[in-house]
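Step one of this worksheet: look at the structure below.
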There are 4 protein chains.
Amino acid sequence: MAKQPNPARRSQRSRQAILTAARELVSEVGYAKLTIEAIATRAGVGKQTIYRWWPSKGAVVLDAFLALSESGPDQDMALPDTGDLKADLRVVMRATVAEFADPAFEGPIRALNTEIINDPALAAQYREKLAGPVDEAKKARLRSAQRAGQLPPDADLDLALELLYGPFYQRWLLRSGPLTPQYADALVDAFLKAMRPDIGGSAH
Amino acid sequence: MAKQPNPARRSQRSRQAILTAARELVSEVGYAKLTIEAIATRAGVGKQTIYRWWPSKGAVVLDAFLALSESGPDQDMALPDTGDLKADLRVVMRATVAEFADPAFEGPIRALNTEIINDPALAAQYREKLAGPVDEAKKARLRSAQRAGQLPPDADLDLALELLYGPFYQRWLLRSGPLTPQYADALVDAFLKAMRPDIGGSAH
Amino acid sequence: MAKQPNPARRSQRSRQAILTAARELVSEVGYAKLTIEAIATRAGVGKQTIYRWWPSKGAVVLDAFLALSESGPDQDMALPDTGDLKADLRVVMRATVAEFADPAFEGPIRALNTEIINDPALAAQYREKLAGPVDEAKKARLRSAQRAGQLPPDADLDLALELLYGPFYQRWLLRSGPLTPQYADALVDAFLKAMRPDIGGSAH
Amino acid sequence: MAKQPNPARRSQRSRQAILTAARELVSEVGYAKLTIEAIATRAGVGKQTIYRWWPSKGAVVLDAFLALSESGPDQDMALPDTGDLKADLRVVMRATVAEFADPAFEGPIRALNTEIINDPALAAQYREKLAGPVDEAKKARLRSAQRAGQLPPDADLDLALELLYGPFYQRWLLRSGPLTPQYADALVDAFLKAMRPDIGGSAH
DNA sequence: ACGTAAACGAGACGGTACGTCAAGTCTTTCT
DNA sequence: AGAAAGACTTGACGTACCGTCTCGTTTACGT
């Protein structure tokens with residue numbers, strides 16, 4: 001049985017250096033060309049210190065980005081809620097679109113997604129730490145809309161989020177079209193129509 | 001300047017052996033553990049013959065799958081068109097969902113998607129050779145629906161396809177939910193509602 | 001600037017395995033067909049471990065033979081000195097001739113000489129580590145003969161060694177004649193005559 | 001049984017181009033870095049044309065140098081014979097020393113010697129075509145000296161040549177000393193002394 | 001405050017695969 | 001049919017990293 005290291009004795013100095021080095025390097029050379037050796041060298045750290053605390057390259061990079069969000073203990077990821085659902089969603093989607101169109105942001109996120117796609121364990125961690133809370137915030141806004149009668153009370157919110165973000169995610173990942181504010185608006189419009197209750201007389 | 005090899009002299013024997021070996025190996029060991037050396041060995045081919053004709057591992061694998069579709073000169077990828085759009089789309093989406101849930105199929109496709117996400121050049125080739133024709137077939141069915149008055153004549157069909165497939169693609173890639181026939185139906189329903197024209201009095 | 005490995009951490013186990021494997025292989029397949037990869041495999045060692053410590057194939061082989069002589073810290077390479085120069089030299093030359101006629105010995109030595117001829121750096125190392133001490137022992141015997149009045153006191157000993165060994169070296173390298181005890185004796189005789197002082201009246 | 005090519009149909013154009021290219025390249029990059037491919041390319045010739053007519057790289061290079069001497073049908077390689085053996089040998093040895101000290105000359109010759117040392121077949125060809133005739137010319141001069149009473153009539157001329165050239169060959173190959181006119185003279189002196197008959201009173 | 005056990009930096013190790021190079025063979029095309 | 005052109009299989013090259021495994025050297029408890 002392998003001996004587990006004692007987290008209490010973990011060097012925070014080394015941990016921070018590794019995460020910072022990982023973030024820098026993934027930006028400089030891209031995820032595919034990122035190596036553990038390079039991270040260790042850049043961080044001034046022994047390779048073993050990385051292998052001791054992380055199971056894979058992907059885990060280090062994920063942690064590197066998680067660490068960014070750790071600054072504020074419970075950072076405000078709540079969506080705007082003015083009462084106008086369409087307007088609020090447009091604001092959010094336009095911001096999202098802009099964020100993913102930013103070259104500095106997209107490289108690492110794209111790399112992370114690549115890993116997540118192929119590594120279920122990493123995906124679970126990602127969902128729990130990053131995507132989960134964000135999705136919860138989105139669903140909170142949708143629930144508010146349900147209470148306001150702007151969405152059907154029995155709507156499947158997980159499916160709803162997929163309808164809203166799935167098309168965008170696909171376009172972004174596959175680079176199959178431009179990411180513009182107009183596109184964001186079109187997605188919101190389509191989403192709201194899709195969420196409307198069935199109309200009497202929608203013959204077959 | 002590097003000298004280009006002459007495609008006219010290319011050995012079809014070697015080409016087929018390489019593509020077959022690539023297909024087999026990607027199924028056996030997965031894309032990540034697939035190596036050029038293993039392909040060459042399995043194919044009974046020199047490594048240089050692979051490097052001569054393909055720029056990357058991803059290109060070989062893509063070609064390996066493209067070659068599968070080359071059998072029929074214009075294989076029938078047309079969607080069913082019974083006149084009942086909803087029924088036809090349900091058939092198609094249920095089949096798609098089943099296909100992507102099949103473990104034998106999903107491994108290589110997932111691997112290919114990973115590569116495409118990070119390699120724009122590969123993505124372009126993929127779009128041109130595989131996704132393009134398929135999308136065209138789908139749009140043909142939607143145009144037929146437009147002519148039948150089941151979809152607005154001015155609908156953006158690229159966006160339409162994204163609305164229909166994007167949610168599914170995201171759920172599949174991120175494994176964020178089950179891929180069931182019910183899910184397929186729900187996507188079709190939401191899609192059709194999203195495509196309906198605006199209704200008078202949709203006070204935002 | 002390339003980082004130098006730390007010799008203090010060098011694995012003596014690996015070093016010995018490499019030198020032994022090199023010696024074996026050079027005997028089995030000859031120097032020309034000797035490869036670093038084969039040495040590494042035979043020694044159960046990573047290629048990098050060879051590249052880390054030796055600059056070239058020749059250096060490994062040279063070291064392999066040097067290591068043989070390292071057994072005794074200062075092995076006795078002194079030549080016999082019975083007082084009878086001609087008899088002593090005959091013993092030495094006959095032994096040398098026999099040694100170089102031995103097929104087991106000649107292969108590696110021939111290989112080493114080939115390398116030395118084309119690689120001045122290797123030659124310098126060879127001279128310093130192997131040939132130098134041996135030559136010094138030979139010159140010691142000749143100096144003893146000078147003190148005994150058997151050789152002129154002002155004789156150029158480097159030239160003398162060349163006169164004695166050069167003909168033999170040439171015949172061995174080029175395989176231009178048989179290496180027999182008689183030949184050894186003839187060389188000694190010629191050498192001694194060549195070293196005699198000029199005789200009065202040797203009209204040019 | 002391998003089919004032999006028909007020498008009658010051999011292209012002299014290609015042969016000359018190959019030999020010239022070989023000579024040029026061995027001067028430019030040295031023998032070790034000389035490749036068949038480079039010769040073929042430089043000569044504007046298919047690789048097979050080289051493999052068809054020569055068994056090895058060494059054979060091509062040897063032929064390349066032999067071809068140089070083929071210009072004159074029986075080129076004058078006779079040694080000077082003024083009647084003064086010592087003077088004649090000094091002239092010859094000084095010329096030899098100068099020739100081998102010339103950097104332009106020494107590279108290819110050194111390379112050729114390396115090959116010859118390890119390839120008995122090549123050595124035989126070399127001896128027959130190049131060294132043989134030259135040695136014969138040298139022995140002719142020594143025979144003339146025998147007739148003139150300057151050398152013992154029963155002297156072993158093969159051994160004699162070895163005594164004269166062996167030391168020089170060794171010094172040149174191993175770079176173990178300077179190649180000067182004084183050195184040439186010293187060799188001639190030592191050689192002549194070694195060839196003198198035994199003197200009465202050479203105790204034991 | 002001190003001794004000790006841990007985590008640490010450093011980096012050598014046995015390996016795998018890389019992408020390149022040249023060898024020698026085989027095939028196609030041209031003359 | 002010989003020769004050019006050049007694609008082919010083979011296999012060694014030297015490099016880059018992998019993940020594991022010592023080495024001393026801090027570091028920070030628990031006495």
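Chain identifiers are assigned alphabetically (A, B, ...) following the order of the sequence lines, protein sequences preceding nucleic acid strands; residue numbering begins at 1 within each chain.
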Report yes if a side-chain nitrogen or oxygen of Trp53(C) is closer than 4.0 Å to either non-bridging phosphate oxygen (OP1 or OP2) of dA12(E); otherwise report no.
no
Could you check if a side-chain atom of Val61(D) sits within less than 4.5 angstrom of a side-chain atom of Glu115(D), using non-hydrogen atoms only?
no
Nearest whole Å is fine: how far is dA12(F) C1' from Glu37(B) CD?
12 Å
Closest non-hydrogen contact found for Lys57(C) with Ala32(C) is NZ-O, 3.8 Å
Let me know, please, whether Thr35(A) or Thr49(B) comes out on the 5' side of the other along DNA chain F by nearest nucleotide.
Thr49(B)
Check if the side chain of Arg52(A) and the base of dA7(E) share a donor-acceptor pair of N or O atoms closer than 3.5 Å.
no
Where each residue is assigned the nucleotide of DNA chain E containing its nearest heavy atom, which of Tyr51(B) and Ala38(D) is assigned the position nearer the 5′ end?
Tyr51(B)
Mind calculating the distance between CD (Gln12(C)) and P (dC23(F)) to the nearest angstrom?
13 Å
Measure distances between side-chain N and O atoms of Lys47(A) and base N and O atoms of dG19(F), and say whether any donor-acceptor pair falls under 3.5 Å.
yes
With distance as the sole criterion, do the side chain of Gln48(B) and the base of dC21(E) form a donor-acceptor contact below 3.5 Å?
yes
Could you go step by step and tell me if Tyr31(B) and Thr114(B) meet the side-chain contact (heavy atoms from CB on, under 4.5 Å) rule?
CA-CA 9 Å; Tyr31(B) 181 85; Thr114(B) 307; 5.9 Å; no
Which sits closer to the 5' end of DNA chain F, Lys57(C) or Ser14(B), going by the nucleotide each is nearest to?
Ser14(B)
Rounded to whole Å, how long is the line connecting atom CD1 of Ile36(A) with atom P of dC17(F)?
12 Å
